[in-house]
J.: 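My questions all concern the structure below.
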Amino acid sequence: MTDITQDIWPSDQVVRLVEAMIFSASAPVSAKAILSLLENQDLVPDGVEDLDTCLRAVFDALQTRYAGRGVLPSEVAGGWQFRTAPDLAPLLTKVLPRPRRLARAAMETLAIIAYHQPCTRAEIEDIRGVSLGQNVLDTLIEESLIAPRGRKEVPGRPVLWGTTADFLRHFGLKGLGDLPRREELMTELPEALPRTEEAQAETADLLASEAQAGEEDA
Amino acid sequence: MTDITQDIWPSDQVVRLVEAMIFSASAPVSAKAILSLLENQDLVPDGVEDLDTCLRAVFDALQTRYAGRGVLPSEVAGGWQFRTAPDLAPLLTKVLPRPRRLARAAMETLAIIAYHQPCTRAEIEDIRGVSLGQNVLDTLIEESLIAPRGRKEVPGRPVLWGTTADFLRHFGLKGLGDLPRREELMTELPEALPRTEEAQAETADLLASEAQAGEEDA
Amino acid sequence: MAPDGAIAAEPPSGSAPGEGELFTAPVLHLDGFEGPLDLLLELARAQKVDLARISILDLVTQYLAVVESARRVRLELAADWLVMAAWLAWLKSRLLLPSEDGPDEEAADAAELLQERLEELARMSAAAAWLSARDQLGRDVFARGEAETLVEIDRSGLALDVPQLMRAWMAVIRRTARKRIYRPRVIRFWTVQDALVRLRRLLGSTPPGWSSLDSYLPEALPETDVTDRARAGRAAMAGTLIAGLELAKSGMLELKQDEAFGKIFLRPQEEMEMTAEAGEME
């Protein structure tokens with residue numbers, strides 16, 4: 001099996017084996033684990049330097065095979081995992097337990113931790129301009145989305161928070177590098193999370209008239 | 001979706017949905033559960049009487065899709081489940097050696113044989129102060145830790161037991177001389193122990209003979 | 001504008017009210033905002049321009065107006081809303097009325113700081129929106145529900161180590177050392193009782209004619225510590241002889257010895273055999 005040449009890589013057997021390996025696990029399987037399996041089975045072509053490209057080809061082959069299917073291979077948290085196709089979620093959630101949605105406060109707090117990690121509760125509150133209910137952090141901790149990352153060496157030694165591997169898995173991110181860059185977030189005025197267009201428009205109208213009123217007052 | 005006619009059943013969407021459902025379920029999915037999902041989604045063709053045949057067709061379609069792949073839909077107790085292809089399972093199976101420990105009686109017997117070899121069953125019983133179940137010696141023999149070393153020339157000619165080369169290998173010993181000598185162990189006996197005259201005398205005897213043996217070795 | 005000046009800023013999850021409702025609603029839903037900064041950001045969004053080019057003065061004015069209208073309907077405002085209002089009022093006055101020494105640097109710095117904070121909040125809000133829009137595991141996508149355990153447990157090996165062996169040995173020694181009390185060594189000889197039982201049993205299957213007394217000795221003597229085999233052997237012989245004499249006395253067998261110290265032979269009593277045979281024939 002060692003004489004597989006680059007042009008017919010990956011062989012059907014390689015794709016099947018990797019498919020079986022990822023499929024059988026419930027957590028993402030690391031590239032390292034896949035590579036070590038292939039090497040143990042003597043399935044990696046001789047003289048290959050660029051193992052990443054090799055693996056990429058396997059992953060591409062898998063993706064091609066599963067195009068349009070009910071389950072799809074996806075890259076998350078430094079590994080590969082099969083996941084159900086997103087379009088089936090509304091049908092599947094009828095039969096699978098669906099966890100509650102994260103509230104806006106929790107979502108914003110999570111975003112702040114993701115971009116400012118490691119950071120303290122006070123820093124999060126400072127950015128949001130509002131104090132943080134304990135249940136917000138509790139929810140994020142319970143969902144294993146954040147974890148303590150030591151303490152800040154300032155008076156009171158507050159806990160520093162950071163995101164976890166589960167955070168990456170939950171949002172289907174390969175790594176923190178998959179998050180949009182800070183500049184990208186500022187390309188245009190983002191819309192507030194759960195507020196509808198309609199509500200926003202109303203608020204704008206009201207505020208405009210209020211502003212006038214305010215100026216008149218002044 | 002209700003106008004699916006029998007001849008094009010199952011639709012691609014039905015197969016995808018069932019595929020995703022089996023994949024994401026935490027236990028084998030029963031035919032009943034699949035049927036109820038499809039009915040809730042109005043995916044079962046109208047006027048179908050024979051639901052079993054309907055489901056069979058879905059399962060067949062799924063099996064066709066996965067023919068020759070790394071994972072296969074399979075029927076197990078209680079329903080359907082994805083399983084690793086039988087030819088790949090051995091490659092992916094990790095064998096975890098979980099060595100057993102010897103039962104206390106067996107370990108004590110082995111220790112006595114190690115220090116008193118060659119010795120008879122009666123001698124072992126005398127030292128342990130309790131009679132020896134036959135299975136204890138049997139266990140040690142099966143594991144090739146002890147072997148007969150002739151017979152003692154007393155009435156009844158009982159078998160003499162001694163340790164084997166496997167014994168040394170198991171314990172990582174170069175030779176029996178690597179074992180701590182008896183007098184080295186004896187010094188660790190707690191002083192407060194209520195020892196009788198006899199026991200003391202015996203110990204003295206043992207030590208004397210050990211000392212002699214040591215001198216002979218030298 | 002409604003006569004009472006009430007406005008309704010909807011909480012995030014609330015449904016948009018109709019026009020009429022809007023103007024009659026007596027309650028100001030300021031708690032729909034996540035704090036004063038959140039409201040400021042919302043006001044900035046209403047300006048529909050780049051945050052970097054937003055007018056801080058307009059923003060301040062609008063915020064103060066909202067807070068003022070809230071107070072007009074006697075809505076209880078949390079302290080941080082009022083603190084922010086006080087600070088913004090100060091900022092507004094400094095921005096509107098620059099000191100004679102030229103532009104008010106303190107106010108400019110404060111405005112810039114506020115701008116930066118708003119921008120950061122906007123970025124984080126965008127990041128939260130970006131995250132929310134992703135397919136989330138357990139909500140939009142699902143992983144394999146039950147991992148296949150491809151693990152085999154090999155229980156064939158033995159876990160042995162020398163410390164274990166030592167502990168076992170010490171345990172034995174401790175136990176027996178504690179238990180051992182002096183008693184004379186009991187030597188289990190082959191007793192006359194043992195020999196009687198054995199002889200009686202063997203006589204039934206003994207072929208007619210003389211056989212050596214030796215052959216009635218036990219093959220395996222009771223377990224014993226006696227190493228003097230000769231002594232145990234003699235004791236067994238004596239026991240068997242006495243048992244033989246006992247049985248001869250009761251007429252069950254005959255004994256003979258051809259010479260002094262010679263071999264001793266025995267045979268079952270013929271009469272008994274005949275009786276036995278007769279019994280069988282009947």
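All values derive from a computational prediction rather than experimental measurement.
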J.: Parallel under 30°, tilted from 30 to 60°, perpendicular over 60°: which one fits the rings of C/Y63 and C/W81?
T.: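 The rings of C/Y63 and C/W81 lie parallel, inter-plane angle below 30°.
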J.: State whether C/E120 and C/R117 are salt-bridged, where the test is any N-O pair (Lys NZ or Arg NE/NH1/NH2 against Asp/Glu carboxylate O) under 4.0 Å.
T.: no
J.: Answer with side chain, backbone, both or neither: which region of A/A85 has an atom nearer than 4.5 Å to a non-hydrogen atom of chain C?
T.: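 Answer is backbone: N, CA, C or O of A/A85 sit under 4.5 Å from chain C.
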J.: Relative to chain A, which segment of C/L64 carries a heavy atom at a distance below 4.5 Å: side chain, backbone, both, or neither?
T.: neither
J.: Could you walk me through whether A/R56 and A/E75 pass salt bridge (charged side-chain N to carboxylate O under 4.0 Å, His left out), step by step?
T.: CA-CA 11 Å; A/R56 170 62 42 200; A/E75 271 187 285; 3.0 Å; yes
J.: If we define contacts as heavy-atom pairs under 4.5 Å, which of A/S26, A/S74, A/G172, A/A25 has the most with chain C?
T.: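 Answer, by heavy-atom pair count under 4.5 Å with chain C: A/S26.
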J.: Check this for me: does any side-chain nitrogen of one of A/R128 and A/E123 sit under 4.0 Å from a carboxylate oxygen of the other?
T.: no
J.: Which atoms of A/A105 are under 4.5 Å from chain C, going by heavy atoms: the side chain, the backbone, both sets, or neither?
T.: both
J.: For A/R83, is there an ion pair with C/D140 - N to carboxylate O distance below 4.0 angstrom?
T.: no
J.: Between C/R134 and chain A, which part of the residue has a heavy atom less than 4.5 Å away: side chain, backbone, both or neither?
T.: side chain
J.: Looking only at heavy atoms and a cut-off of under 4.5 Å, which of C/D135, C/L118, C/L40 has the most pairs with chain A?
T.: C/D135
J.: Indicate whether the side chain of A/Q13 and that of A/R16 have a donor and an acceptor atom separated by less than 3.5 Å.
T.: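 A/R16 and A/Q13 do have a side-chain donor-acceptor pair below 3.5 Å.
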J.: In terms of heavy-atom proximity below 4.5 Å to chain C, should A/L179 be classed as side chain, backbone, both, or neither?
T.: both
J.: Compute whether any side-chain donor of one residue and acceptor of the other, for C/Q136 and A/R169, lie under 3.5 angstrom apart.
T.: no
J.: By a 4.5 Å heavy-atom criterion (distance strictly below it), what part of A/D87 contacts chain C: side chain, backbone, both, or neither?
T.: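 When you check distances to chain C, no heavy atom of A/D87 falls under 4.5 Å.
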J.: Under a 4.5 Å heavy-atom cut-off, does chain C meet the side chain of A/Y115, its backbone, both or neither?
T.: side chain
